[in-house]
Amino acid sequence: MNSDAIKRFFVTLRDANPQPASELEYSSVFELLAAVLLSAQATDVGVNKATRRLFPVANTPAKIVALGVEGVEAYIRTIGLFRNKAKNLVATAQILLDQHGGQVPRSREALEALPGVGRKTANVVLNVAWGEPTCAVDTHIFRVGNRTGLAPGRTPYEVEMKLLARIPAEFAKDAHHWLILHGRYVCQARKPRCRACAVADCCDFDAKTDQA
DNA sequence: ATCCCGAGGG
DNA sequence: CCCTCTGGAT
């Protein structure tokens, strides 16, 4: 994809997604961190179901620690990887209390030091909570970056570096959400809906398998 | 490279 | 049945 196509790609995605936002439900930075931690290899719909049960009972580090691993598991059992996630969420909450005054830290280093929080989760918190121009490469963005030719790479980190270099500066804060929504609803993994795609004209993918 | 791991869709 | 879902730790 050349630079003209890249520009057109993002302008079109912007127009198609006037209200870019996460579809995870949260009402505080800690809830955001918890929801993103729970979202690994799980759908937003599934995570929201679990957090609607969990957050009314425990939505602060102190309450999560008090609930304990077994207690948290009881609320999130319907999500994949629930044992690891319950253990990580409780351990993360304990570290917030012990080392960060019960607050969610703002640096990448401190975020990635939390159990269950890697580069992708840290990027989401940095972007959504504090408006930093990060690009969290999840399964959707990895696929869209490669399939379209916008940011091909073997690893999420490679895709992220290319995106940071190619996303026009004025779109840096919102591009992450546009790409997620595009991947979720249009550039789908199994059956990409190329016929309904607004950016098909500047995409490298050969739409032989489109069945939309 | 492998494990974790349930719900939903095709 | 199979694949996919806002990954991270070992």
Side-chain angles (χ1 to χ4, degrees), chain A residues 13 17 19-26 29 31-54 69-70 72-95 104 108-130 132-148 150-151 153-160 163-164 167 173-193 209-212:
Chain A
L13 282 193
N17 301 278
Q19 306 292 333
S22 173
E23 295 187 340
L24 291 171
E25 297 168 0
Y26 60 93
V29 177
E31 285 192 5
L32 170 67
L33 173 63
V36 178
L37 191 153
L38 295 177
S39 72
Q41 300 294 288
T43 61
D44 280 4
V45 172
V47 172
N48 289 337
K49 274 187 197 170
T51 56
R52 282 176 201 161
R53 295 190 292 263
L54 177 65
V69 175
E70 303 275 323
V72 171
E73 282 185 1
Y75 291 99
I76 68 169
R77 240 179 252 287
T78 52
I79 310 179
L81 318 179
F82 71 92
R83 277 183 252 271
N84 282 335
K85 290 173 181 177
K87 178 159 51 82
N88 287 333
L89 181 56
V90 171
T92 282
Q94 185 67 60
I95 292 174
V104 176
R108 173 184 300 286
E109 292 76 10
L111 285 167
E112 291 188 10
L114 301 169
V117 180
R119 186 174 183 87
K120 181 260 168 182
T121 300
N123 276 335
V124 174
V125 172
L126 290 170
N127 179 300
V128 175
W130 296 298
E132 294 191 22
T134 62
C135 193
V137 176
D138 64 349
T139 182
H140 295 301
I141 298 189
F142 185 75
R143 179 179 65 254
V144 171
N146 276 293
R147 185 182 277 166
T148 59
L150 170 67
R154 284 190 207 86
T155 66
Y157 187 75
E158 279 184 44
V159 172
E160 180 185 339
L163 285 172
L164 291 177
I167 295 171
K173 273 186 289 187
D174 290 329
H176 159 248
H177 293 295
W178 299 337
L179 291 166
I180 292 265
L181 295 169
H182 182 63
R184 182 175 297 160
Y185 296 113
V186 181
C187 194
Q188 297 171 340
R190 295 272 201 112
K191 291 198 272 184
R193 303 175 58 221
T209 59
D210 180 19
Q211 298 180 30

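Not measured: the values here are computed from a predicted model. In what follows, chains are A, B, ... by sequence order, proteins preceding strands, each numbered from 1.
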Asker: Can you give the donor-acceptor pairs under 3.5 Å from side chains of residues 117-128 of chain A to other protein atoms, not counting sequence neighbours?
Answerer:
unit_1, atom_1, unit_2, atom_2, d
Arg119(A), NE, Glu160(A), OE1, 2.8
Arg119(A), NE, Glu160(A), OE2, 3.2
Arg119(A), NH2, Glu160(A), OE2, 2.8
Asn123(A), OD1, Arg108(A), NH1, 3.1
Asn123(A), OD1, Arg108(A), NH2, 2.7
Asn123(A), ND2, Arg119(A), O, 3.4
Asn123(A), ND2, Glu160(A), OE1, 3.4
Asn123(A), ND2, Glu160(A), OE2, 3.3
Asn127(A), ND2, Glu132(A), O, 3.4
Asn127(A), ND2, Thr134(A), O, 3.2
Asn127(A), ND2, Lys173(A), O, 3.3

Asker: Looking at residues at least two apart in the chain, or sitting in another chain, which of them share a side-chain contact (heavy atoms from CB on, under 4.5 Å) with Tyr75(A)?
Answerer: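 Counting only residues at least two positions away or on another chain, Tyr75(A) forms a side-chain contact (heavy atoms from CB on, under 4.5 Å) with Arg53(A), Leu54(A), Val57(A), Leu67(A).
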Asker: Can you tell me which residue pairs pass the salt bridge (Lys or Arg N to Asp or Glu O under 4.0 Å) test with a partner in residues 41-52 of chain A, sequence neighbours excluded?
Answerer: Glu25(A)-Arg52(A), Asp44(A)-Arg184(A)
Asker: Residues two or more places apart in sequence or in another chain: which of them pass side-chain contact (heavy atoms from CB on, under 4.5 Å) with Pro115(A)?
Answerer: Asn88(A), Ala91(A), Thr92(A), Ile95(A)
Asker: Using the side-chain hydrogen bond (donor to acceptor under 3.5 Å, both in side chains) criterion, which residues pair with Glu158(A)? Sequence neighbours excluded.
Answerer: none
Asker: Quick one, Thr139(A) and Arg143(A) - any side-chain contact, counting heavy atoms below 4.5 Å?
Answerer: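 Side-chain contact under 4.5 Å: yes.
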Asker: Pick the P atom in dG8(C) and in dA7(B), then give their distance to the nearest Å.
Answerer: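 Straight-line distance between the two P atoms is 22 Å.
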Asker: Answer with base, sugar-phosphate or nothing: what part of the nucleic acid does Lys49(A) contact at a heavy-atom distance below 4.0 Å?
Answerer: sugar-phosphate
Asker: Walking along DNA chain B from 5' to 3', note the first and the last nucleotide with an atom under 4.0 Å from a heavy atom of chain A, and give both.
Answerer: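 Footprint of chain A along DNA chain B, 5' to 3': dC4(B) to dG9(B).
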Asker: Between dC4(B) and dT6(C), how far apart are the P atoms? Round to whole Å, please.
Answerer: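 That atom pair is separated by 23 Å.
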Asker: Show me the pairs that pass salt bridge (Lys or Arg N to Asp or Glu O under 4.0 Å) and involve residues 31-41 of chain A, at least two apart or across chains.
Answerer: none
Asker: Restricting to pairs with a member in residues 81-94 of chain A, which pass salt bridge (Lys or Arg N to Asp or Glu O under 4.0 Å), not counting sequence neighbours?
Answerer: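 Qualifying pairs, neighbours excluded: none.
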Asker: Using a 4.0 Å cut-off on protein heavy atoms (strictly under), produce a 5'-to-3' string for nucleotides 3-10 of chain C with B for base contact, S for backbone-only sugar-phosphate contact, and - for none.
Answerer: BSBBBSS-
